[in-house]
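Owing to the predicted nature of the structure, the values given are computational and were not obtained by experimental measurement. Every heavy atom of this structure was used, including side-chain atoms; hydrogens, water molecules and symmetry mates were not. Lettering of chains follows the sequences in order, A, B, ..., and the numbering in each one begins at 1.
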Number of protein chains: 2
Amino acid sequence: MKRSLAIQPSAPPGNSPETAEAAPKTLAEATYWRLRSDIVWGKLPPGSPLRSDELRAAYDVGISPLREALSRLAVEQLVTTVGQRGFRVAPITAADVLDVMETRLVIEREALTRSIKAGDLSWETNLVASFHSLSRLPIPHGPGNAAESWARHHRNFHMALLAACGSDWQLRLAGLLFDQAERYSMVRALKVSAPKLTRDTISEHKQILDAALARNSKAAVAALEKHYRATTKQVLAALQLSSAS
Amino acid sequence: MKRSLAIQPSAPPGNSPETAEAAPKTLAEATYWRLRSDIVWGKLPPGSPLRSDELRAAYDVGISPLREALSRLAVEQLVTTVGQRGFRVAPITAADVLDVMETRLVIEREALTRSIKAGDLSWETNLVASFHSLSRLPIPHGPGNAAESWARHHRNFHMALLAACGSDWQLRLAGLLFDQAERYSMVRALKVSAPKLTRDTISEHKQILDAALARNSKAAVAALEKHYRATTKQVLAALQLSSAS
DNA sequence: TCGCTCATTAATTTGGAAATTTTATATGAC
DNA sequence: GTCATATAAAATTTCCAAATTAATGAGCGA
């Protein structure tokens, strides 16, 4: 008997109230989101193979929507696919981490500057709200639902910063790269014991927030860079640890 | 009897010698590239519906690889898909044009600067070669094989500029946005009569090349911006013309 | 004439079986 | 023992038909 997939796949979307995304209208789309979450939050670890039969059983869908979902994820570089040799979760390398983080900065420097310049009251309000809920959530140690919830709020805050930039493409690319980076952070969360995380991320976020509200784009960009570079450093350290083990 | 698709779909890859891309190993992949080309080069015009039966007949493939290809294109924003209402070629709006062109600049400014800093002799060589073949190709008037060939060389030159930037993500995103922009340029080529194109694009490209070879990144970036902004202006003008007709 | 409901038609979407390709295993020659 | 070749097993990829969903239009009453 074949061993089935070792993961607990994420449930079909009985939509959690905190995420107000457009409900998927097709099975393929739903499967895409479920797989995406499971990859981004590390349930499907980097490098692991994605065999159609196992996934079909685990997610309870046919082959067609499954392949469609995997194909989409391949375009986003969340999974890799080689010729007739199937799909696997994209592996993580140190070079990738650096590249993604620096490229995020290239885009977000511009988007944040524009957003600060153009943001109106509703932008400010949403930003303050995003920060508040993020700051009141306990920083999770180790994987689990709390970690996912925190990560979602974290994403919301960062996207809220850029929301008023006026460029759909910049928002889209920033989101794409955010999710790539999230995957790296999950490696960190999974592999490194909690006590080592001694950064004060709340205050890092607050610095960005304050500068943004003060409409000081130079300071906001500087704070953002500091935040990202600190994350990069931690992830790289965790990656070395895990590759040594 | 149903009217079949009005286009002559691009041939299966009996690979033309000038494109040294990795040969597609699956039908889905091949179909993806054929469709992509036909969308980017304007054979499938913006907004036109992509019905599975028609495409199946036109490209002579089954439904599964077709959907897989369309799904991938949807992630790239080259086609749109709504719930259970199928796929269509993504429409073009003036706002899109501006957004894509400005976002290209955000990425390419950085990538070009890095490339100029890090480029070695083989980078220079490849760059010079790309420029040469581009400059000797007659600028095509109206659609056709010559137009596609020119566009391919044009793409090669622009990517050669960035090739040494050291960031896979920046290269990938630049390429993605290049193809988006190409679609807009095709609208221009299709709708505007040739005599109106009085720009000296060769000299625009030469200015970028010379600055790059002189390792003068400030000047190269300035020339690139000039080149893109001129293109943007023309595309926007053509778009207004065509929407007025 | 307009608006509504309900059947009819046309399209997309999905599941699974057949075909193809890769990977693993066994057999034999050197 | 090592390499090459042939065979078997496993996996991916594709085709196609059934199921589902949206679009269309006729009939009917106000």
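Contact annotation for B:S64: base contact, defined as any heavy-atom pair under 4.0 Å involving a base atom. Nucleic acid contact class of B:R51 (heavy atoms, under 4.0 Å, all strands): sugar-phosphate only.
For the pair A:R88 CZ and C:dT23 C1', the interatomic distance rounds to 13 Å; values are reported in whole Å. For the pair B:E68 CD and C:dT12 C1', the interatomic distance rounds to 17 Å; values are reported in whole Å. Between the CD atom of A:E54 and the P atom of D:dA11 there is a distance of 8 Å, given to the nearest Å. Rounded to an integer number of Å, the gap from OH of B:Y32 to P of D:dT13 is 16 Å. Between B:F87 atom CZ and D:dA22 atom P the separation is 15 Å, expressed in whole Å. The CG atom of B:L27 sits 11 Å away from the P atom of D:dT13 (whole-angstrom rounding). Taking atom CG on A:L66 and atom P on C:dT14, their separation rounds to 11 Å, with Å as the unit. D:dA9 atom P lies 17 Å from atom CG of A:D53, rounded to whole Å.
A salt bridge links B:R72 with B:E68: at least one charged nitrogen is closer than 4.0 Å to a carboxylate oxygen. Salt bridge status for B:R114 with B:E110: present, with a side-chain N to carboxylate O gap under 4.0 Å.
Taken from CG in B:D120 to CG in B:N126, the straight-line distance is 10.5 Å, to the nearest 0.5 Å. To the nearest 0.5 Å, the span separating CZ on B:R172 from CG on B:D168 amounts to 8.5 Å.
A sub-4.0 Å separation between OP1 or OP2 of C:dT12 and a side-chain N or O of B:S52 is present. Regarding contacts with the backbone of C:dT12, every side-chain N or O of B:R67 stays at 4.0 angstrom or more from both OP1 and OP2. Proximity of A:R85 to the phosphate of C:dT21: no side-chain N or O atom is located under 4.0 Å from OP1 or OP2.
Mapping B:P65 and A:K25 onto DNA chain D by nearest heavy atom places B:P65 closer to the 5' end of the strand. The residue among B:I63 and A:V82 whose nearest nucleotide of DNA chain D lies closer to the 5′ end is A:V82. The nearest heavy atom of DNA chain C to A:Q84 and to A:A28 marks one nucleotide each, and the one closer to the 5' end goes with A:A28.
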Are A:R34 and A:Y59 close enough, and set up right, to give a side-chain hydrogen bond (donor to acceptor under 3.5 Å, both in side chains), and what steps lead you there? CA-CA 9 Å; A:R34 291 171 66 193; A:Y59 290 83; over 6 Å; no
